[in-house]
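Below is one structure, written out as structure tokens, with a few remarks after it.
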Amino acid sequence: MGYNVAIDGPAGAGKSTIAKLVAKEKGYIYVDTGAMYRALAIHFLKKNISAENVEQIVLACADADVTIAYEDGVQQVYLNGENVTGRLRGEEVGNMASRTSSIPQVREKLLELQRGLAREQDVIMDGRDIGTNILPDADVKIYLTASVDTRAKRRFDELKEKGQDWDFEAIKEDIKERDARDMNREIAPLKKAEDAILVDSSEMTIDQVVETICGYCRA
């Protein structure tokens, strides 16, 4: 059985950044769900299926196997045994992934693949419903959050570094709205699992957050 760490939390809490750093520190596999959706998209494209043909998309899910491995510290994504990492960022692949990711059967297939990875390997996953829905029996569950002001400031600084000029209050309102949507959506809403550890990173550095979460994981 694999050792599983689940990190949930609202937008802008730094979940992916932290999860990747914890994975590196502890030697876990970081399960990149976005990459998995893109690998499935490559599968559909290989079969020349249109994104609008939901029936064929659903049928094609049956013979798709997506796995993630780390080779020399670099994430590699395999589709039915073939390394497709170099194709993941293609425009056509991104479009197909975007258009098929909302199909319930595609999400179910991905859930099946994610749980399969978690059974076989030591993994860390981040999202909105990892500890409550995808890995309800995870060994460690973290609910990573920060104040709205802190998350808005981080986003503001990030955009500023990219040369984009955004209004701080507009970013703050956008985060509030996204929180409300995530917490009130019908399917797998964002919420803290009863047995999750709350980590508020508002006054913490990235290194402090990583150290704190690593402290809850097995040696």
Side-chain angles (χ1 to χ4, degrees), residues 4-23 30-38 41 89 94-95 97-104 106-108 110-111 114 123-136 138 140-217:
N4 302 164
V5 179
I7 300 182
D8 291 306
K15 298 182 298 296
S16 295
T17 299
I18 297 300
K20 288 172 185 174
L21 289 170
V22 173
Y30 170 66
V31 179
D32 185 339
T33 55
M36 293 181 80
Y37 273 116
R38 285 173 175 262
R89 296 298 157 191
N95 287 336
S98 176
R99 291 162 73 186
T100 57
S101 62
S102 60
I103 298 171
V106 172
R107 300 185 75 85
E108 284 169 21
L110 200 58
L111 177 59
Q114 288 166 351
V123 305
I124 183 166
M125 294 190 204
D126 70 277
R128 304 286 191 280
D129 64 336
I130 308 298
T132 55
N133 181 46
I134 295 176
L135 297 178
V140 176
K141 296 181 187 178
I142 302 291
Y143 190 84
L144 180 64
T145 190
S147 67
V148 172
D149 279 344
T150 298
R151 288 185 281 142
K153 178 69 165 58
R154 288 172 182 168
R155 183 64 178 149
F156 179 82
D157 291 343
E158 184 184 326
L159 291 167
K160 195 174 181 181
E161 275 186 24
K162 293 177 179 177
Q164 299 178 35
D165 188 21
W166 280 73
D167 177 66
F168 177 78
E169 289 301 322
I171 294 172
K172 192 171 165 181
E173 284 307 309
D174 182 62
I175 286 175
K176 285 181 182 176
E177 287 173 15
R178 189 165 176 185
D179 284 353
R181 280 198 307 273
D182 287 343
M183 291 174 181
N184 294 296
R185 67 187 185 189
E186 280 188 35
I187 300 173
L190 167 66
K191 64 179 179 180
K192 177 180 173 293
E194 288 184 10
D195 53 346
I197 300 157
L198 177 66
V199 176
D200 188 327
S201 68
S202 299
E203 304 296 328
M204 299 170 75
T205 64
I206 288 175
D207 286 346
Q208 287 172 332
V209 176
V210 171
E211 184 181 354
T212 297
I213 293 175
C214 284
Y216 290 112
C217 301

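Residues take their numbers from the sequence shown, with the count starting at 1.
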Tell me the closest heavy-atom pair linking [X] and [Y], and the distance in Å.
{"X": "L144", "Y": "P10", "value": "O-CD, 3.4 Å"}
{"X": "G12", "Y": "R154", "value": "O-NH1, 3.8 Å"}
{"X": "D8", "Y": "K15", "value": "C-CD, 3.6 Å"}
{"X": "V31", "Y": "M125", "value": "CB-CG, 3.6 Å"}
{"X": "V140", "Y": "Y216", "value": "CG2-O, 3.5 Å"}
{"X": "A11", "Y": "R128", "value": "CB-NH2, 3.8 Å"}

Check this for me: does any side-chain nitrogen of one of K153 and D157 sit under 4.0 Å from a carboxylate oxygen of the other?
yes
Give the intermediate values and the outcome of salt bridge (charged side-chain N to carboxylate O under 4.0 Å, His left out) for residues E158 and K162.
CA-CA 7 Å; E158 184 184 326; K162 293 177 179 177; 3.7 Å; yes
For [X], look at atom [atom1] and say whether over 12 heavy atoms of other residues, nucleotides or ligands are found less than 6.0 Å away.
{"X": "D165", "atom1": "CG", "value": "no"}
{"X": "K191", "atom1": "NZ", "value": "no"}
{"X": "E194", "atom1": "CD", "value": "no"}
{"X": "L111", "atom1": "CG", "value": "yes"}

Under the rule for side-chain contact (heavy atoms from CB on, under 4.5 Å), what residues qualify as partners of I103, not counting sequence neighbours?
V54, I57, V58, T100, Q105, V106
If the condition is side-chain contact (heavy atoms from CB on, under 4.5 Å), which residues does F156 pass it with, not counting sequence neighbours?
K160, F168, I171
Give the intermediate values and the outcome of side chain to side chain contact (heavy atoms under 4.5 Å, CB included) for residues V5 and V22.
CA-CA 10 Å; V5 179; V22 173; 5.6 Å; no
For the residue pair S202 and D200, confirm or rule out a side-chain donor-acceptor distance under 3.5 Å.
yes
Side chain to side chain contact (heavy atoms under 4.5 Å, CB included) between K172 and K176, worked out
CA-CA 6 Å; K172 192 171 165 181; K176 285 181 182 176; 4.3 Å; yes
Let me see the working for Y30 and D126 under side chain to side chain contact (heavy atoms under 4.5 Å, CB included), right down to the final yes or no.
CA-CA 9 Å; Y30 170 66; D126 70 277; 2.7 Å; yes
Would V199 and M204 count as a side chain to side chain contact (heavy atoms under 4.5 Å, CB included) here? Give the steps.
CA-CA 10 Å; V199 176; M204 299 170 75; 4.3 Å; yes
